[in-house]
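Numbering of ligands and ligand atoms starts at 1, following listing order.
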Amino acid sequence: MEFNELIVHRYSVRGYKPDPVEEDKLIRVLEAACIAPTAANCQPFQLIVIHTQGRQADLKRIYHRDWFVQAPLLLCACGVPTQGWVRSADKRRYLDVDIAIVMDHLILAATNEGLGTCWIAAFNAKAAREILGLPDEIEPLIFTPLGYPDCQPGTKERKPLAELVRYERW
Ligand SMILES: Cc1cc2nc3c(=O)[nH]c(=O)nc-3n(C[C@H](O)[C@H](O)[C@H](O)COP(=O)(O)O)c2cc1C
């Protein structure tokens, strides 16, 4: 898909068909995530691929929406803080920025494959830790279902450029 068309076409998919995701598509989506730039090229993340079949009730403890477990796959992007770049001057961590870029690559690549996704941050981190067996030092940051959409996009509401862009200074 042409890039401008792709970014307009992506939307938060909150309804999925149970159809399987082809293995080659999944690999291309994961590769797109792994080619993402990260601060100092640290790549401080792990992606967890989760099959939903037969585990829906348990997985819904992570995010209690029926559509969360409708797709055949869920992906979880985790940060590995010990591997992330920290700006030495003020100790600012860039882990969340890195994961956001990785996830955006993943989501746009999925859109390009005709697959639906939805960024999910409002999940129960305690349940995610328990169900995915995460070590204490690993941070689960974003989930998305991955599957074929079974819903229509809503209208895109965005602030106009004039409200969001300043030139030369604040
Ligand atoms: C960091 C982030 C976290 C989000 N968390 C959730 C969430 O927990 N649940 C949900 O339904 N949507 C979530 N969304 C989706 C946003 O609500 C959605 O992207 C926004 O309303 C714009 O709609 P669109 O994605 O259809 O263009 C999240 C989006 C982002 C970028």
Side-chain angles (χ1 to χ4, degrees), residues 1-18 21 25 29-30 32-39 42-50 52 55-81 83-85 92-132 134 138-165:
M1 207 183 291
E2 192 274 324
F3 183 72
N4 286 308
E5 192 188 334
L6 179 75
I7 55 174
V8 172
H9 188 74
R10 183 217 56 82
Y11 67 99
S12 292
V13 173
R14 297 188 177 95
Y16 294 88
K17 297 176 182 164
V21 172
K25 289 193 177 186
V29 166
L30 295 172
C34 294
I35 202 96
T38 52
C42 290
Q43 296 188 275
F45 65 91
Q46 292 282 302
L47 300 171
I48 305 182
V49 180
I50 305 150
T52 58
R55 301 182 63 191
Q56 285 93 339
D58 206 23
L59 291 168
K60 259 177 83 171
R61 290 171 47 220
I62 297 176
Y63 188 66
H64 199 73
R65 299 282 186 283
D66 289 339
W67 55 264
F68 181 63
V69 292
Q70 277 174 352
L73 297 173
L74 274 175
L75 303 179
C76 176
C78 296
V80 184
Q83 295 175 3
W85 183 76
R92 195 198 191 285
R93 297 185 339 156
Y94 275 78
L95 185 70
D96 291 9
V97 175
D98 286 341
I99 304 301
I101 299 167
V102 166
M103 203 61 192
D104 209 40
H105 271 221
L106 185 155
I107 277 177
L108 291 176
T111 309
N112 194 43
E113 299 287 349
L115 295 165
T117 54
C118 184
W119 289 78
I120 295 166
F123 60 88
N124 180 330
K126 190 165 175 284
R129 289 188 167 286
E130 185 191 312
I131 291 166
L132 302 179
L134 300 182
I138 300 301
E139 291 184 16
L141 288 168
I142 290 286
F143 279 84
T144 181
L146 185 72
Y148 288 95
D150 193 17
C151 63
Q152 294 303 315
T155 49
K156 280 239 180 286
E157 286 174 20
R158 297 294 192 265
K159 295 176 187 173
L161 230 59
E163 271 186 46
L164 296 171
V165 181

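Residue-environment remark: CD (Q56) exceeds the threshold of 12 foreign heavy atoms within 6.0 Å. Heavy atoms from other residues, nucleotides or ligands lying under 6.0 Å from NZ of K156 number more than 12. Residue I35 places its CD1 atom among 12 or fewer non-hydrogen atoms of other residues, nucleotides or ligands, all under 6.0 Å distant. More than 12 heavy-atom neighbours from other residues, nucleotides or ligands sit within 6.0 angstrom of CD on E2.
The contact shell of ligand 1, taken as protein residues with any non-hydrogen atom closer than 4.0 angstrom, comprises R10, Y11, S12, R14, Y63, W67, C118, W119, I120, A121, A122, K156, R158.
Side chain of D150 to main chain of G15: no donor-acceptor pair is present (N/O by atom type, distance under 3.5 Å, no hydrogens or angles). Checking side-chain atoms of R55 against main-chain N and O of V69 turns up no donor-acceptor pair under 3.5 Å.
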